[in-house]
Amino acid sequence: ELAAIGQSKPLLGFDTMRLAKLSALVPLSEELLEDAVGLESWLRMKAPEKMVAKINTAIIRGSGAGKPLGMLNSPSLVTVAKETSQPAATVYFANINNMWSRMLASWRRNAIWLINQDIEPQLDAMAFDPSATSKVPVYVGQGGVSSSPYATLKGRPVVPIEACSTLGTVGDIILVDMKQYWILRKAAGIRTDTS
């Protein structure tokens, strides 16, 4: 009380970000377009799907050279080791608890689990205590008790994604707050041309 409050100044900096172009070129002949009715509309649906897969892979595995720096190549990556007695290529509830405890508490409300789909059987069988005779499930599948479009773990969505590593390797399960990963894109969205 009655003491002067110390001044502080924010430390602000500038950075330059350059947009990289992602494009898909699908060479087709006029004859093929005439013969295959609906091919053009199918391509307009399929090309963005493939582009999203490429973007997802870059966000997770990108080198930062001409593409985003991926989570697995970031200096902020935190890995959690398996338990000492745990067999290889398995998931224990202790692994999930250890990952959760390493997540910054303020980021947990927006966190999601990204997994390789080959991990789902491990999650379905996961229990609080793997040695107990009666197992209590900790993973809630989609549309079941959770009644959500995604399964949940620790109350957060579990999203299978092709870019995650296979079971037992770094990146098989990723706990992330995607609001901490910045992506810039043009306001106009995807541009398509046919000639």
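Keep in mind that the numbers below use all heavy atoms, side chains included, and drop hydrogens, waters and symmetry copies. Worth saying up front: this structure is predicted, and the values here are computed from it rather than measured.
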### Query
Step by step, would you call W107 with K179 a side chain to side chain contact (heavy atoms under 4.5 Å, CB included)?
CA-CA 9 Å; W107 293 356; K179 288 190 175 191; over 6 Å; no

### Query
Please, which pairs that meet side chain to side chain donor-acceptor pair (under 3.5 Å) have at least one residue in residues 61-73, sequence neighbours excluded?
R61-S165

### Query
Are L72 and M178 joined in one hydrophobic group, where the rule is that I, L, V, M, F, W and Y side chains link up if heavy atoms are under 4.5 Å apart?
yes

### Query
According to a 4.5 Å side-chain heavy-atom criterion applied to Ile, Leu, Val, Met, Phe, Trp and Tyr, with indirect links allowed, do I161 and L22 form part of one hydrophobic cluster?
yes

### Query
Mind checking whether V159 and I55 sit in one hydrophobic cluster, side chains of I, L, V, M, F, W, Y counted as touching below 4.5 Å?
yes

### Task
Kindly state each residue pair satisfying side chain to side chain donor-acceptor pair (under 3.5 Å) with at least one member in residues 35-54, sequence neighbours excluded.
E40-R44, E40-T194, R44-T192, R44-T194, K46-E49

### Non-neighbouring partners of E162 that pass side chain to side chain contact (heavy atoms under 4.5 Å, CB included), sequence neighbours left out
none

### Query
Considering all heavy atoms of both residues, which atom of I96 and which atom of K154 are nearest to each other, and what is their separation?
CG2-CG, 4.2 Å

### Summary
G171 and C164 have their tightest heavy-atom pair at O-CB, 3.4 Å

### Query
Judged by modelled atom types alone, do N98 and E83 share a side-chain donor-acceptor pair under 3.5 Å?
yes

### Message
Looking at R102, I want to see if its CZ is surrounded by more than 12 non-hydrogen atoms of other residues, nucleotides or ligands under 6.0 Å.
### Response
no

### Task
Consider only side-chain heavy atoms of I, L, V, M, F, W and Y, link residues closer than 4.5 Å, and tell whether L77 and Y181 are in one cluster.
yes

### Task
Give a yes or no on whether the backbone of W113 and the side-chain of R156 come within a donor-acceptor separation of less than 3.5 Å.
no

### Task
Give a yes or no on whether I112 and V78 share a hydrophobic cluster (residues Ile, Leu, Val, Met, Phe, Trp, Tyr; joining criterion: side-chain heavy atoms under 4.5 Å apart).
no

### Summary
Between Q122 and T90, the two heavy atoms sitting closest are OE1-CA, 3.3 Å

### Query
At what distance, to the nearest 0.5 angstrom, does CG of D177 lie from CZ of R108?
12.0 Å

#### Entry: Test side chain to side chain contact (heavy atoms under 4.5 Å, CB included) applied to L43 - qualifying residues, sequence neighbours left out
V26, L28, L39

### Task
Mind checking the OG-CE spacing from S23 to M51? Nearest 0.5 Å is all I need.
6.5 Å

### Message
What's the separation between atom CG in L153 and atom CG in L123, rounded to the nearest 0.5 Å?
### Response
6.5 Å

### Summary
Value for CG (L104) from CD (Q180), rounded to nearest 0.5 Å, stands at 8.0 Å

### Query
Would you find a donor on one side and an acceptor on the other, under 3.5 Å apart, between the side chain of N95 and the backbone of Y92?
yes

#### Entry: Partners meeting side chain to side chain contact (heavy atoms under 4.5 Å, CB included) with D172 (sequence neighbours left out)
I119, L167

#### Entry: Nearest-0.5 Å distance, CE of residue M99 to CG of residue L175
5.5 Å

## Note on the structure
Here the gap from I59 atom CD1 to L114 atom CG, rounded to the nearest 0.5 Å, amounts to 9.5 Å

### Query
Does P160 have any side chain to side chain contact (heavy atoms under 4.5 Å, CB included) partners at least two apart in sequence or in another chain, and if so, which?
I115, Q117, E120

